[in-house]
Amino acid sequence: MLRLHDTASREVQPLTLRDEGKVSMYVCGPTVYDLPHLGHGRFTLVFDVLRRYLIFSGFEVTYVSNITDIDDNIIRRAEREGRSEAEVAKEFEGHWWDAMDALGVLRPDHTPHATEFVGSMITTISQLLERGVAYATSDGVYLETTKVEGYGLLAGQPLDSLRAGARVEENDEKRSPLDFALWKAAKPGEPLWDAPFGGGRPGWHTECVVMSLELLGEGFDLHGGGLDLKFPHHENERAQAVALGKDFAHHWTHNGWVMVEGEKMSKSLGNFTSLTDLLASADPRSYRLLVLRSHYRAPIEVTTETIADAERGLARLDSLARRLHLTSPVAPLRRSDLNGDAAVIESFCALMDDDLQTPQALALIFDLVSSANTALDEGDQERATMLGETAVGLCAALGLSVKAAHLEIDADTLALAEARDKARDEKDFAAADALRDQLTALGWVVEDTPDGTGLRREE
RNA sequence: GGCGGCGUGGCCGAGUGGUUAGGCAGAGGCCUGCAAAGCCUUGUACCCCGGUUCGAAUCCGGGCGCCGCCUCCA
């Protein structure tokens, strides 16, 4: 069974399952008020890899990831741009899915929107009030964290230090600085939902508890997100579940940060902060490779150099796929459907089962690439294909597709290639080289193959 | 202030008490008409100072440097 780092215990632990063979996971999604950034890209890739690997391992996975479509940032933007919150949310949710599709991140099985669950949230908040663990103030409803058993578990810090660092707010009705809003009373002009405790909107931490419990049920297996969510967001989700007397997530996993050349993130330095920009200017697969190349809990450095480096690594994979005419499966691959080098697949799984050691798993794949190329050079087509299929299959297990597909080549280009073959046959190398130059100028990379001039697009 | 992480060869980035990570880039060679792709070979690496040990980059102590969280930012 897969062993994964658990934030609550701060140890790598077996992922125990509520239902045998089935994994239920909830990953906190975006608040859609702006374009997705690199951090969004990383966490979605990390958990996409986890999900795909679980599927590869034969589990039936239910993956839930929410869209927060109402919050202060959305309200501010809507106000600034003179349009509705729903319009803002819709626009940026569109950008979100565009980016996810480009990254090859599988769509969640369920994508709850906060605004669809306000009724359930109101019910939940009422229950917390009834239980005496929440209280109303003039500006909303708060959870009384001091009444929650084990508050601070995920933060991993003594409550005193959390308290010491808590922001001093103008609201002195809060009984503890750590208490957080379950419900925010609407100010004039703000969108609101009616509730017994006054019109307003839900606080951020409430939606994920309500939606995860409603869609996955009590005691679901895994809750994930970026490192920054562990406190206060996940801490506060957990606090509500505990206060409700409900069994919440059994395993907490958080991924590390994205660094962009220290703190400088200006576009003038050539750094990417918007995922949308990155995806437009580089092969989207390069970001997945970059993410896989370091451990999911380690910080990663994203620069134009590291992206370019990953793109060249990709070229090596593509090149093998091209030599062997292999293509990646479209649907998530299962181990039982992969025929290949059994020993290597076994090693791969052992690495992945040990807290997702993707860097070593990649090393294994690149070793396969070398072996397959060697076999090809030695004329052992059968062995080369077996090794190549293993490599492509393991890439698929990580969600990394290879690009061997033959491109549509227009008639003019084809004519140039044929003319070059003819010139080469006639040993007219000056003419052949001139034709190659022409093709290069058109953006093609010319590679000689046993079948004559081979063409591929320059990346 | 409290808590936590990190410092590996030109770059990125794993790992480990003694044995080749891997990728990219570089050098040499093979293949090729020449290239491209591929293959082979190659690289004095582990922040500093002590200590433990037969042996430490890996363990312990100290130092230096960098970073994050403690603020509804993934």
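The sequence lines fix the lettering, A, B, ..., with proteins before strands; numbering per chain opens at 1. All values below come from the heavy atoms of this structure, side chains included, with hydrogens, waters and symmetry mates left out.
- Looking at A/K422 and A/E426, a side-chain N of the basic residue comes within less than 4.0 Å of a carboxylate O on the acidic one, giving a salt bridge.
- To the nearest angstrom, P of B/G15 lies 13 Å from CG of A/L356.
- Scanning residues 373-388 of chain A for heavy-atom distances under 4.0 Å to RNA chain B yields A/N373, A/T374, A/D377.
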Quiz item: Could you run down nucleotides 21-33 of chain B 5' to 3' and tag each one B, S or - for protein heavy-atom contact under 4.0 Å?
Solution: BSBBS-------B
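- Exactly one residue among A/L362, A/L400, A/T390, A/V369 makes a side chain to side chain contact (heavy atoms under 4.5 Å, CB included) with A/C395. That residue is A/L400.
- Rounded to the nearest Å, the gap between the C1' atom of B/U16 and that of B/U8 is 12 Å.
- One P atom belongs to B/C24, the other to B/U32, and the distance between them is 24 Å to the nearest Å.
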Quiz item: Would A/E447 and A/R322 satisfy salt bridge (Lys or Arg N to Asp or Glu O under 4.0 Å), going step by step from the backbone distance to the final call?
Solution: CA-CA 11 Å; A/E447 273 178 359; A/R322 205 164 50 242; 3.2 Å; yes
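- The OH atom of A/Y296 sits 15 Å away from the C1' atom of B/G5 (whole-angstrom rounding).
- When rounded to the nearest whole Å, the span between NZ of A/K230 and C1' of B/C3 equals 9 Å.
- Here the nucleotide nearest the side chain of A/Q357, chosen from B/G15, B/C72, B/G38, is B/G15.
- Across all strands, A/P30 comes closer than 4.0 Å to no nucleic acid atom at all (heavy-atom distances).
- Note on ring orientation: taking the six-membered ring where Trp is involved, the planes of A/W252 and A/H254 are parallel (angle under 30°, cut-offs 30° and 60°).
- Among the nucleotides B/U71, B/G38, B/C72, the one closest to the side chain of A/R323 is B/G38.
- Here the separation of B/G5 from B/G10, taken at their C1' atoms, is 26 Å to the nearest Å.
- Using cut-offs of 30° and 60° on the angle between ring planes, the pair A/H205 and A/F180 is perpendicular.
- Cation-pi geometry between A/R201 and A/W183 is not satisfied (NZ or CZ under 6.0 Å from the ring centre, within 45° of the ring normal).
- The residue A/F231 sits close only to the backbone: its heavy atoms come under 4.0 Å of sugar-phosphate atoms, none of a base.
- Between the P atom of B/C73 and the CG atom of A/N255 lies a distance of 16 Å, rounded to the nearest Å.
- Rounded to the nearest Å, the gap between the C1' atom of B/A14 and that of B/G33 is 43 Å.
- Using a 4.0 Å heavy-atom distance criterion, A/G256 is classed as a base contact.
- As rounded to the nearest Å, B/A57 and B/C47 have C1' atoms that lie 11 Å from one another.
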Could you give the side-chain donor-acceptor pairs of residues 435-443 of chain A under 3.5 Å, partners two or more places apart or in another chain?
unit_1: A/R436; atom_1: NH2; unit_2: A/D433; atom_2: OD1; d: 3.3
unit_1: A/T440; atom_1: OG1; unit_2: A/R436; atom_2: O; d: 2.8

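- Nucleotide B/C39: paired with B/G29 (Watson-Crick or G-U wobble, both distances less than 3.5 Å).
- One can place CG of A/L326 at 19 Å from P of B/A37, the figure rounded to the nearest angstrom.
- For A/F220 and A/F248, the distance between ring centers is under 6.0 angstrom.
- Annotation: B/C54 and B/C11 have their C1' atoms spaced 37 Å apart (nearest Å).
- Atom C1' of nucleotide B/A74 and atom OH of A/Y26 are separated by 13 Å, given to the nearest angstrom.
- B/G1 is paired with B/C70 under the criterion used here, namely a Watson-Crick or G-U wobble arrangement in which both key atom distances are under 3.5 Å.
- Side chain of A/R10, nearest nucleotide from B/C67, B/C3, B/U71: B/C3.
- Qualifying salt bridge (charged side-chain N to carboxylate O under 4.0 Å, His left out) partners for A/D421, counting only residues two or more places apart in sequence or in other chains: none.
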Quiz prompt | Criterion side chain to side chain contact (heavy atoms under 4.5 Å, CB included) on A/E382 and A/M386, from CA distance to verdict | solution = CA-CA 6 Å; A/E382 195 182 341; A/M386 188 276 285; over 6 Å; no
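- Taking the C1' atoms as reference points, B/G22 lies 14 Å from B/G9, given to the whole Å.
- Rounded to an integer number of Å, the gap from A/W204 CH2 to B/A74 C1' is 8 Å.
- Annotation: salt bridge (Lys or Arg N to Asp or Glu O under 4.0 Å) contacts involving residues 349-372 of chain A, sequence neighbours excluded, comprise A/R297-A/D355.
- Across the strands present, B/G22 finds its partner in B/C12; the criterion is a Watson-Crick or G-U wobble pair with both atom distances under 3.5 angstrom.
- The pairing partner recorded for B/A57 is none, the criterion being a Watson-Crick or G-U wobble arrangement whose two distances lie under 3.5 angstrom.
- Screening residues 391-401 of chain A for salt bridge (Lys or Arg N to Asp or Glu O under 4.0 Å) gives no qualifying pairs among residues at least two apart or on separate chains.
- Rounded to whole angstrom, the span from the CG atom of A/D355 across to the C1' atom of B/A14 amounts to 14 Å.
- A/H37 comes within contact range of at least one nucleobase, with a heavy-atom separation under 4.0 Å.
- Take the nearest nucleotide of RNA chain B for A/A155 and for A/V446: the residue whose nucleotide is more 5' is A/A155.
- Using P as the reference atom, B/C31 and B/A45 are 33 Å apart when rounded to the nearest Å.
- One N or O donor and one acceptor, one from the side chain of A/K184 and one from the base of B/C72, sit under 3.5 Å apart.
- Base pairing analysis places B/C6 opposite B/G65; the two distances defining the Watson-Crick or G-U wobble pair are each below 3.5 Å.
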